[in-house]
Amino acid sequence: MRPMIPPPVFGLIAAGLLWAADRYLPGLSVSFPGQAMVAVIVAAIGVMIETVGIAAFVRQKTTVNPLRPERANSLVISGLYRYSRNPMYLGMVLVLLGVAIMSGSVTPYLVLPVFVLVITRRYIRMEEANLTRQFGDDYLAYTKRVRRWI
C-alpha cells in the first residue's frame, strides 16, 4: 500500500508530536550547559544532510518524491549515498532529535523510534521494493554495500 503523506509532511507531524509530548506529557527534565546550541547544531546537520541528499537526486535528474516511485530513472549511489541509502530520512531524524534536545524533557524522545519505525515500514520498504524492480541486481549489490540508515 502506497503512503499518502509526503515524508516532509510526516516529519512536521512528528515534530508536532514532539512538541505535544513535551507540553502535555512532561517527563523527566533534561538540561545541560549549551543545550540550545547542541540542539541547533544537531538540527542544522540534519538539514544539511537532507539538502545534500536532495541535491544528489537533482544532479542526477531523478525524482525525490517517494509517492511517485515509478518516476525514478537513476540509481543515486554517490556522495552521502555511499554511507547511507536514506540520508534524506536520516536528516529528518536529526532535525527531530534537535527538537527533542531543545525541549528539555525526556518524553519527546519517545517519538523518535516511532518515526523511524513508520518511515522504515511505510516509505523505505516500498522504495526498496520499487528500486529492486527497476534496477535489479545493481540495486541489490548497492544494498549489500551500504546500510539502510547509517
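The first residue in the sequence is number 1, and the count goes up from there.
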List the atom pairs, donor and acceptor, that lie under 3.5 Å between side-chain atoms in residues 24-42 and the rest of the protein, sequence neighbours left out.
from, atom 1, to, atom 2, distance (Å)
Q35, OE1, F32, N, 3.2
Q35, NE2, V30, O, 3.2
Q35, NE2, I101, O, 2.6

Enumerate the side-chain hydrogen bond (donor to acceptor under 3.5 Å, both in side chains) contacts for residues 86-102, please, sequence neighbours excluded, ordered by first and then second residue.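 For residues 86-102, and leaving out neighbouring residues, the side-chain hydrogen bond (donor to acceptor under 3.5 Å, both in side chains) pairs sorted by first residue read Y89-E127.
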
What residues form a side chain to side chain donor-acceptor pair (under 3.5 Å) with [X], not counting sequence neighbours?
| X | value |
| --- | --- |
| T62 | N73 |
| T132 | none |
| W149 | T120 |

Taking salt bridge (charged side-chain N to carboxylate O under 4.0 Å, His left out) as the test, write out the residues that go with E128, two or more places apart.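 Applying salt bridge (charged side-chain N to carboxylate O under 4.0 Å, His left out) to E128 gives R85, R148.
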
For R82, salt bridge (charged side-chain N to carboxylate O under 4.0 Å, His left out) partners two or more places apart: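 Not a single residue meets the salt bridge (charged side-chain N to carboxylate O under 4.0 Å, His left out) criterion with R82.
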
Could you list the donor-acceptor pairs under 3.5 angstrom formed between side-chain atoms of residues 108-117 and any protein atom two or more places apart in sequence or on another chain?
none

I need the full list of ring pair (Phe, Tyr, Trp, His ring centres under 6.0 Å) pairs touching residues 38-85, with sequence neighbours left out, sorted by first then second residue.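 Matches after skipping sequence neighbours: F57-Y81.
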
Test: ring pair (Phe, Tyr, Trp, His ring centres under 6.0 Å). Region: residues 117-146. Which pairs qualify, not counting sequence neighbours?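 Of all non-adjacent pairs touching residues 117-146, none passes ring pair (Phe, Tyr, Trp, His ring centres under 6.0 Å).
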
Locate the shortest heavy-atom distance separating [X] from [Y]; write the atom from each residue and the value.
| X | Y | value |
| --- | --- | --- |
| S105 | D22 | OG-OD1, 2.9 Å |
| A72 | T63 | N-CG2, 3.5 Å |
| A14 | L96 | CB-CD1, 3.8 Å |
| L18 | A100 | CD2-CB, 4.3 Å |

Can you pull the salt bridge (Lys or Arg N to Asp or Glu O under 4.0 Å) pairs that have at least one residue in residues 61-81, sequence neighbours excluded?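 Those involving residues 61-81 are R2-E70, R68-E70.
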
With R59 via side chain to side chain contact (heavy atoms under 4.5 Å, CB included) - residues at least two apart: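 With neighbours one apart ignored, the set is A55, A56.
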
Decide if atom CZ of R125 counts as having more than 12 heavy atoms of other residues, nucleotides or ligands within a radius under 6.0 Å.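 Counting other residues, nucleotides and ligands, CZ of R125 exceeds 12 neighbours.
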
Residues, nucleotides or ligands: over 12 heavy atoms within 6.0 Å of I150 CD1: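 No, CD1 of I150 has 12 or fewer neighbouring heavy atoms, counting only those of other groups under 6.0 Å.
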
